Amino acid sequence: MALALAAGLAPQAAFAQDTDPAEEEATEDEGDVIIVSGFRASLESAVNEKRNSDLILESVTAEDIGKLPDDSIGESIARLPGVTSQRLNGRANVIAIRGLGPDFSQTLLNGREQTSTGDNRAVEFDQYPSEIVNQVVVYKTPSANLVGQGLVGTIDVRTVRPLEAGKRILAIGAKGSYADIGALNAGSKEFGYRANATYVDQFADDTIGIALAAAYTDEPYQLQEFNAWGYAGDGSAGAPFVIGGSKSFVTSTQLKRFGVNGTFQAELSPTLMLTADAFYSNFNDDSIKRGIELPLGFQAFGTTFDPTTATTTPTEFGEFATSGTFENVEGVIRNDIFQRKADLYSGGINLEYEGDDGWSAFFDFGYSRTDRNELSLESYSGTGYNVGVGATDTIGFTSGTTGTSFNPTLDYSDPNQIVLTDPLGWGGSRVQAGYFNDRIIEDELFQYRLGVKHEMDSFFSAVSFGLAYTDRSKALTPDEFFVLPANGATEVAIPSQFLLRSTDLGYLGLGPIVSYDARDIIDAGVLVLDRNLSNDIPAKAFSISEKLMTAYLQADIDKELGAGVLTGNVGVQAIHTNQKSSGIAFAGGQQVNVTLGDDFWDVLPSLNLSLRLDSDWVFRVAASRQIQRPQLDDLRSAIGYGINNNVAESPTGVAPFISGGGGNPLLRPYRANAIDFNIEKYFGNGAGVVALQLFYKDVVSYIDGSRTIFDYAGLPTPAGQTPATTIGFLDSEVNTGGGDFYGAELSMTLPFDIFSEALEGFGTTGGVGYTKTKVADANGNIDVIPGYSEWVANGTLYYERGGFNARGSVRYRSEFLADFTGFGGSPTRRLARAETIVDAQIGYDFDGGPLNGLSVYLQGQNLTNAPFVSQFNVPVREAVIDNQEYGRRFLAGFTFKF
């Protein structure tokens, strides 16, 4: 029995799609047709894509129109071998390939580069509704004609191609969601829903096709978070490690997202195809964050702690206080808002010519834009203005491996005791009762591509040449204000009409706290906004321009050998980069607008060879030069500098000289030389595969925060003293030496019916990956790479037969340097502990009768309620920084295909 599955497509044809996997058929003889559908068809499509591609890749295909195997794109990708994710509010929103985080990969939509809802290049996958996606391909090796490639991989998200669907399809779907952790904040919800619809049709004798897909999401996500400022003490008996402070929140997020995608195809002639795509998404992520901030072991703001009264436990690194009491604690009650709104626009036009004389060509135009506003509104309240004025608390504590719990004596839910004010005097002479930070980001990208290909009957089966031009700009404008009590007051009572149901911090032992929406209180004039005029604000702004001209030449290989076929490609890609950054330079009290930048070339040769034996073994080798562009905010030109009289620090040995810090618009990309070797064995009529992947990257250029020599010529001289030279140093991100990055992945897709017909419908898929890095920072020390996990693993056990389907999935990643949101919305990184996530799904597909075409299913996510935990630099397991608990999520839904 031979499976008639659609062949994988080369990157230059990334605009074409596989057929609907639910319609794939296996034919033993004429009239004997077995339909393979659902998850099994999705797996078989992925195995087929892997087998037929000349690149090393992984893929996931929709089980049916509008139905990926998981609730989100990120979760579906995270189940692929060597791939994992990081959670945001419980959602898998960014992807790590081969142990490295999202800053080291590139994401495409229908083969085109995309803007993002984040600060940098990494696409957050919850910006795309999963219901509009037909397939996702993860390229682990590049080829010359793969434009927009990343250092560890390139992710291509693909939508439906109507002329390849082959028939009219109308599908609708809906699902409801429930979070068992409950509605934690007043105004939040515990139930949510999604709805989607897809229409595909062909006209004019199948020469014109349209595909329309729309999806709407309105879902809550809940989070109970413990967060520590840090840990005081040095581990000695008189100064044990002890929690230095706590800032813990209950967060309720409501995600509302509307996405629509459309594709138009027209076969203008037997040799000419026109394809036009358009995608729009309105993304609104509104979070309520309520909690208490407590100054503790650092003994600042009047807090006292007597270590002789504490219970301590010995650790490898010193004594750790597991319990004790803090006195004179003045807490800050927080009622914060974090709101992210984004509009995404993406689309393009592709014109493809394929002649009958071996010549083919294409032209493609792509456009992507993201307009984003990210508001962080902090509101403070407490027992009185400034330290020593209001009532203080005596708080007992117990610290363990999941954080710290407390036993207070004050009632933080009493509105007669809690007032709007600056409880710890953070504002100095200003009564700072909060902070308003609106970050306005505009990200726009144009891309033009053309290519020509000629097929030949020789060792080289085809030769192709292409050009691409990409013009991207991204700008951040901060708009920040202090929040003050009106009329110059030092404190003001919370108006009773704005008081909401108390938020319960019982999971920390702190009990209920007063709750309100600061936006309502500001609108009422009880609190007012006062613009922050500090130089720190314009220093955060940046405007980045990046223009790339890419040319490639590639020869494809297809040569029959005695026991099989040798296929592959060899080529070279040359990229000219022109990058510019505009911002403000600060020299003492002076400000000046500056534009700095650089231009340079990268030449990227690549080789992909696959020896395909008649015995269903495939041996692959790939070698390439790879790059990944710097984070966009690292390229900002906003810097601050002044006179330095320390001759010992002078890079020229003379003083006075100029030193400063800020962005680095002269950064070059990460660069690496890579080699991959794969062994793959296919079986079960092409439905199963076992693959071993070995890879090594010689990282020749890395980016790390350090000090670099910098010429300040052309910038204003700091007032008051003339430097002896304009050559000084700049503390910034710099290009450093490299190191080694290597590892192995073992993956398998195994249908159990190869062992016995009695096991028809059972199977498993998954993989495990090991990665090791030895990359040096600017000082020659081994650096911790953001997002790097030494081990990643995932596995799914499934059953699908007679309409019934069930599967359970688990994914694991070892500890890694994770991205968190820091003060004012700026990103910060902390070491996250290893985590294991367990999900499951059951469903039934009706085949025949009045319910023909209906599929119903029930999903459970994070069934073990695994927390997301980050560790403080003190290497003591009890020294927790973050412990985020999301609860379990359950979803029930249906799809109906007419």
Side-chain angles (χ1 to χ4, degrees), residues 88-89 91 93-94 102-103 106-107 109 113-128 253 255-259 279-287 336-346 366-378 435-447 470-481 531-532 536-547 579-584 593 595 597 629-638 662-665 667 733 819-829:
L88 172 68
N89 294 327
R91 308 191 302 266
N93 76 319
V94 294
D103 293 329
Q106 178 72 42
T107 297
L109 178 62
E113 295 181 46
Q114 297 297 297
T115 56
S116 70
T117 54
D119 279 2
N120 289 292
R121 303 178 192 275
V123 164
E124 297 177 334
F125 285 92
D126 52 10
Q127 72 187 46
Y128 300 116
T253 298
L255 173 63
K256 296 182 179 181
R257 180 188 60 207
F258 172 71
F279 167 74
Y280 169 73
S281 175
N282 177 264
F283 184 93
N284 189 346
D285 196 4
D286 197 344
S287 295
D336 298 353
I337 299 293
F338 186 80
Q339 185 178 60
R340 183 168 58 164
K341 295 182 178 181
D343 288 293
L344 291 84
Y345 311 85
S346 181
Y367 176 76
S368 180
R369 179 181 176 90
T370 301
D371 297 323
R372 173 174 133 235
N373 276 68
E374 193 170 271
L375 172 64
S376 175
L377 173 58
E378 301 178 357
Y435 198 74
F436 181 101
N437 180 7
D438 190 12
R439 306 171 75 243
I440 304 164
I441 297 96
E442 295 181 354
D443 192 357
E444 189 172 43
L445 185 149
F446 296 86
Q447 187 174 55
T470 304
D471 184 353
R472 183 174 190 173
S473 60
K474 190 159 191 170
L476 165 65
T477 303
D479 193 22
E480 303 188 20
F481 299 81
R531 184 175 294 277
N532 188 345
D536 293 341
I537 308 308
K540 299 176 183 178
F542 62 78
S543 178
I544 309 295
S545 170
E546 191 175 67
K547 295 179 171 62
Q579 62 190 33
K580 291 184 180 179
S581 175
S582 300
I584 296 177
N593 293 320
T595 299
R629 303 198 174 279
Q631 292 187 183
L632 286 164
D633 58 357
D634 285 342
L635 293 172
R636 68 191 187 280
S637 61
N664 184 358
L667 275 179
E733 298 295 311
D819 289 321
F820 292 81
T821 300
F823 176 75
S826 59
T828 186
R829 286 175 170 143

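Nothing fancy with the numbering, it's 1 onward along the sequence. Just so it is clear, the structure is predicted and the values come from calculations on it, not from any experiment.
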State, to 0.1 Å, how close N437 and R439 come at their nearest heavy-atom pair, and which atoms those are. OD1-CG, 3.5 Å
Could you list the residues that satisfy salt bridge (Lys or Arg N to Asp or Glu O under 4.0 Å) with E442, not counting sequence neighbours? none
Quick one: side chain to side chain donor-acceptor pair (under 3.5 Å) partners of K256, sequence neighbours excluded? none
Strictly below 4.0 Å, N to O, side chains only: are K540 and E480 in salt-bridge contact? yes
Within this structure, what is the CD-CD1 distance for the pair Q631 and I544, rounded to the nearest 0.5 Å? 11.5 Å
S116 pairs by side chain to side chain contact (heavy atoms under 4.5 Å, CB included) with which of R121, E124, K474, R372? K474
Name of the residue among F279, Y345, F446, Y280 meeting ring pair (Phe, Tyr, Trp, His ring centres under 6.0 Å) with Y367: F446
My understanding is that only residues two or more places apart in sequence, or in another chain, count here; which of them pass salt bridge (Lys or Arg N to Asp or Glu O under 4.0 Å) with D286? R519
Is the closest side-chain heavy-atom distance between R629 and E546 below 4.5 Å? yes
Is the shortest side-chain heavy-atom distance between D633 and L476 below 4.5 Å? no
Excluding sequence neighbours, so at least two apart, what forms side chain to side chain contact (heavy atoms under 4.5 Å, CB included) with D285? N89, R91, T253, L255, F283, S287, R340
If you define the side chain from C-beta out and look only at heavy atoms, does anything of T470 sit under 4.5 Å from L445? yes
Gap separating the OG1 atom of T115 from the CG atom of L344, nearest 0.5 angstrom: 6.0 Å
For residues F436 and N532, determine if any side-chain heavy atom of one lies less than 4.5 Å from a side-chain heavy atom of the other. no
Please check this pair: side chain of N373 against backbone of K341, looking for a donor-acceptor N/O pair closer than 3.5 Å. no
Rounding to 0.5 Å, atoms CG (L377) and CZ (F481) come to a distance of 11.5 Å
Name all residues meeting the side chain to side chain donor-acceptor pair (under 3.5 Å) criterion together with S473; count only those two or more places apart in sequence or in a different chain, and write none if there are none. none
Does the side chain of F542 reach to within under 4.5 Å of the side chain of L635, using non-hydrogen atoms? no
Salt bridge (Lys or Arg N to Asp or Glu O under 4.0 Å) against D479, all qualifying residues, sequence neighbours excluded: R531
Nearest 0.5 Å please: distance from the CD atom of E378 over to the CG atom of D336. 5.0 Å
Backbone N or O of G583 within a donor-acceptor pair of the S637 side chain at under 3.5 Å? yes
Quick one: does any side-chain atom of Q579 pair with a main-chain N or O of P665 as donor and acceptor, under 3.5 Å? yes
With a 4.5 Å heavy-atom cut-off, do S368 and E113 have their side chains touching? no
Nearest-0.5 Å distance that lies between atom CZ in F258 and atom CG in D343: 11.5 Å
Interatomic spacing from CD in Q114 to CG in L109 - rounded to 0.5 Å: 4.5 Å
